[in-house]
2 protein chains.
Amino acid sequence: MTGRRQEIRERNRLSLIEAVLDSVAEKGISETSVSEIIQRAELSRGMIHLHFGGKDNLVDEAARHSSEQYYNGIYDLLETTGQTGQEHIEMIVRGDLSEAILNKKTVSIWYAFRGEARNRAAIAAFSDTRDAKLRNLVFNAFARIAKEAGTEHPNQVARDATHGTLAMLEGMWTDYLLHPDSFDRDEAMRIVFRFLRAMFPMHFDLNGALLFE
Amino acid sequence: MTGRRQEIRERNRLSLIEAVLDSVAEKGISETSVSEIIQRAELSRGMIHLHFGGKDNLVDEAARHSSEQYYNGIYDLLETTGQTGQEHIEMIVRGDLSEAILNKKTVSIWYAFRGEARNRAAIAAFSDTRDAKLRNLVFNAFARIAKEAGTEHPNQVARDATHGTLAMLEGMWTDYLLHPDSFDRDEAMRIVFRFLRAMFPMHFDLNGALLFE
DNA sequence: GATTTAAATGGACGATTGTCCATTTTGTTA
DNA sequence: TAACAAAATGGACAATCGTCCATTTAAATC
């Protein structure tokens, strides 16, 4: 019976990461101490040094883990949607504002790390506003839409639409951070789609994507 | 010669607040210790307890001070602009993205406090996304614009335009936080105005407000 | 079952944290 | 200028921080 050792080892490693994320979500980064972490993970003091070489590395790793979860959530959703540009955009907007991806825990963690990003390069790398891959996905969708709509300067428009849409989603997250209980997901989606409808009236209405016959 | 005492007292008090903001901007909240603060303020250890009763109160006060500066900056700008709704909006957009209001120091401070907002009520109160007063200003401007444009459901549209525009500005701040050196203010403004032009083509173009004859 | 060795434990350690107060300094008043 | 009082000082203090290693535990191998 081999491999049991490594299995336990990896489980413990993951426990530490999850303990960090729980603590950051509940108490904030400044109160996420070694004592707090090992208590949540129900492991001994030395484990952090053993597995990660120190607390800072562990926290960096937790930030990486957390951002990976976000992107995986979005990319998984994209697998299940239609083929048109507007459907892709709708899925990203809905996904980004869905309970599964935007909730009290994720938003707490995301903003806690953001606050440290400026002073810790490793964290900055993972807290980027929607990474290059996602940006490209959105851009390609808008580029198709702009061309279909016969817009002038379709690439420029697509770039601006990408930037503006992702910025608006960012702002919605901030709203949720500061007012998690009064935040209205449907309203947030409608607002994004209202701006997109104004820009591409053939492709969006207040509920999302419009499809041709 | 009276009042000199109080003058020195208040100067020291302010020194402590500014020392906190400098430290938060440069080193982050977690490294802003009592030792760090008093060293920057060139005052003695006991002053924090004497003036604020403790470090936490001082930090809260610094957050308040910082948010006050932001709003004062915006409101001052508004005094100098024209009377139409679209001029007000243009001024807010341009102001919010101007070097005076959005720079490396302010964005570091703003996001550092945001990261703590979830766990510290006093800080949450000051890190709100553009406060009620500013929101009302923007809403009133959009309400006028929507009515002039003859839009259906002008109040609903104005509310959504307000929410969406402020969210987009929020997102632009995040962009700046994560990429301060490659961030392009003019591009950010153009993007916001592109969305506004799409929604209110009689009132905005890519450079901002359009005025009637 | 004995041996080996990787993994986990938990306490010792020096450094640093924020608080607080006895003392000193200095502006104000008598 | 002497007396007073407000303000500032700076070190003592217990508590907590993160690191690290001698020891123990337990899986894997013989």
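Naming: A, B, ... by sequence-line order, numbering from 1 per chain. These numbers were taken from a predicted model, which means no experiment stands behind them.
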How close or far is atom [atom2] of [N] from atom [atom1] of [X], stated in whole angstroms?
X: B/M47; N: D/dG11; atom1: CE; atom2: C1'; result: 16 Å
X: B/R11; N: C/dG27; atom1: CZ; atom2: C1'; result: 13 Å
X: A/Q6; N: D/dA26; atom1: CD; atom2: C1'; result: 16 Å
X: A/H51; N: D/dG18; atom1: NE2; atom2: C1'; result: 17 Å
X: B/R13; N: D/dA8; atom1: CZ; atom2: C1'; result: 16 Å
X: B/R45; N: C/dT25; atom1: CZ; atom2: P; result: 20 Å
X: B/K27; N: C/dT17; atom1: NZ; atom2: C1'; result: 15 Å
X: B/Q39; N: D/dG11; atom1: CD; atom2: P; result: 14 Å

Gap separating the CE atom of A/M172 from the CG atom of A/D184, nearest 0.5 angstrom: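 Answer rounded to 0.5 Å: 10.5 Å.
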Heavy-atom closest pair, residues A/R135 and A/T162: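 For A/R135 and A/T162, the tightest heavy-atom pair comes out as O-CG2, 3.9 Å.
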Taking all atoms of both residues into account, what is the closest heavy-atom pair of A/I89 and A/A141, and its distance?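 That would be CD1-CB, 3.6 Å.
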Candidates C/dG18, D/dA8, C/dA8 - which lies nearest the side chain of B/K55: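 The answer is C/dG18, which lies nearest to the side chain.
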Using the side-chain heavy atoms of A/S44, tell me which of these nucleotides is nearest: C/dA8, D/dC17, D/dT19.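 In terms of side-chain proximity for A/S44, the closest of C/dA8, D/dC17, D/dT19 is C/dA8.
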Are any of [X]'s side-chain N or O atoms less than 4.0 Å away from OP1 or OP2 of [N]?
X: A/H49; N: C/dT9; answer: no
X: A/S35; N: D/dC17; answer: yes
X: B/N12; N: D/dA7; answer: no

Name the residue closer to the 5' end of DNA chain C, choosing between B/E36 and B/I8 according to the nucleotide with the nearest heavy atom.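 Its nucleotide being nearer the 5' end, the pick is B/E36.
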If you assign each of B/G46 and A/L50 to its closest nucleotide in DNA chain C, which residue comes earlier from the 5' end?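 The 5'-side residue here is A/L50.
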Of A/S33 and A/G53, whose closest DNA chain D nucleotide lies nearer the 5' terminus?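 Its nearest nucleotide being more 5', the pick is A/S33.
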With distance as the sole criterion, do the side chain of B/R4 and the base of C/dT28 form a donor-acceptor contact below 3.5 Å?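 By the distance-only test, no, there is no pair.
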Distance-only donor-acceptor test, A/R5 side-chain atoms vs D/dA28 base atoms, 3.5 Å: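 In this structure, the two groups form no donor-acceptor pair.
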Ring centroid separation B/W173 to B/Y111 under 6.0 Å: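 No, ring centres 6.0 Å or more apart.
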Judged by modelled atom types alone, do B/Y70 and B/D96 share a side-chain donor-acceptor pair under 3.5 Å?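 Yes.
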